[in-house]
Undergrad: 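I am attaching a structure below and will ask some questions about it afterwards.
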Protein chains: 2
Amino acid sequence: MAPDDIPTPPRDRPALPDRRAFMAAGMLFALAPGAAAQQTLPGHKGDQGMYGLIGRMIAAPGKRDELAAILLEGTGGMPGCLSYIIAADPAHADALWITEAWDSRESHAASLKLPAVQAAIARGRPLIAGFDSRSETVPLGGHGLAAAAAVTDPT
Amino acid sequence: MAPDDIPTPPRDRPALPDRRAFMAAGMLFALAPGAAAQQTLPGHKGDQGMYGLIGRMIAAPGKRDELAAILLEGTGGMPGCLSYIIAADPAHADALWITEAWDSRESHAASLKLPAVQAAIARGRPLIAGFDSRSETVPLGGHGLAAAAAVTDPT
């Protein structure tokens, strides 16, 4: 494959039908319990490492701002959350990038049980049209993580 | 295109030859002056909005940790940098995800001129084998941005 031919996800329409899209989107900001129990990935620090997610969600047409607001309102103050940033995709009027960093995979899984997160899922579901990218990561460090950790985990 | 056939970048080898790879990688954490002067993207807040980057870099075989360390050392305390997180890709032994949020496109462009960033480019160049994903974003908000901003921009 030539470098210029690197395939990329389609940018002009949702890539998944509604039901599957929600399942995938739900896994991004509220990983399903079954998925949380999967084996530890071969990351930098193993079980003791941080846990991250990078994904792109497609909102229903014209609903990006509304969906972003729901995600932002429903995901503040989550224990162990080191970074949670919602960004618009300037190349796609309905796409949102969501990047997350957690102190552990377990903290991310535990966030599922927070009433605010569950409420965000319920409110956001009808506004999600698709989901075309999702990658787990093992954050190694950087700027913004420690300051955020101090806010969410004062111990 | 069927949902199951969504193409994704190759995960098992660098996607770009060395010279082009460095050019692309350099654009991620130190956008070239010419690129910085490009037209403003149709983002959420236009010129006054935040500016973000999400990209995946492929290190030379076995050099991921070394490259990550260089990126982390060379990019601390950049004015206007709201978040800069380096993460390992658990699915690719040599891949790093880099996610950035800045208070403006201009702050990101200005960071190019910082001696520490220029030194990081020079040190990191031989360790970069490829670069297979790069997306600009317009961060809308989230957790970790404000705390980071207070550290880098005390005014």
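Proteins come first, then strands; the chains are lettered A, B, ... in the order of their sequence lines, and each starts at number 1. Excluded from the calculations below are hydrogen atoms, water molecules and symmetry mates; all remaining heavy atoms, backbone and side chain alike, are included.
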Undergrad: Rounded to the nearest 0.5 Å, how far does CD of A/Glu136 lie from CG of B/Asp89?
TA: 9.5 Å
Undergrad: For a 4.5 angstrom cut-off between non-hydrogen side-chain atoms, does A/Leu96 reach B/Leu140?
TA: yes
Undergrad: Ignoring hydrogens, what is the shortest heavy-atom contact between B/Ala87 and A/Pro139? Give both atom names and the distance.
TA: CB-CA, 3.5 Å
Undergrad: Mind checking the CG-NE2 spacing from A/Leu72 to B/His143? Nearest 0.5 Å is all I need.
TA: 12.0 Å
Undergrad: When rounded to the nearest 0.5 angstrom, what distance separates CD1 in A/Ile85 from CG in B/Leu145?
TA: 4.0 Å
Undergrad: To the nearest 0.5 angstrom, please state how far the OG1 atom of B/Thr137 sits from the CH2 atom of A/Trp97.
TA: 9.0 Å
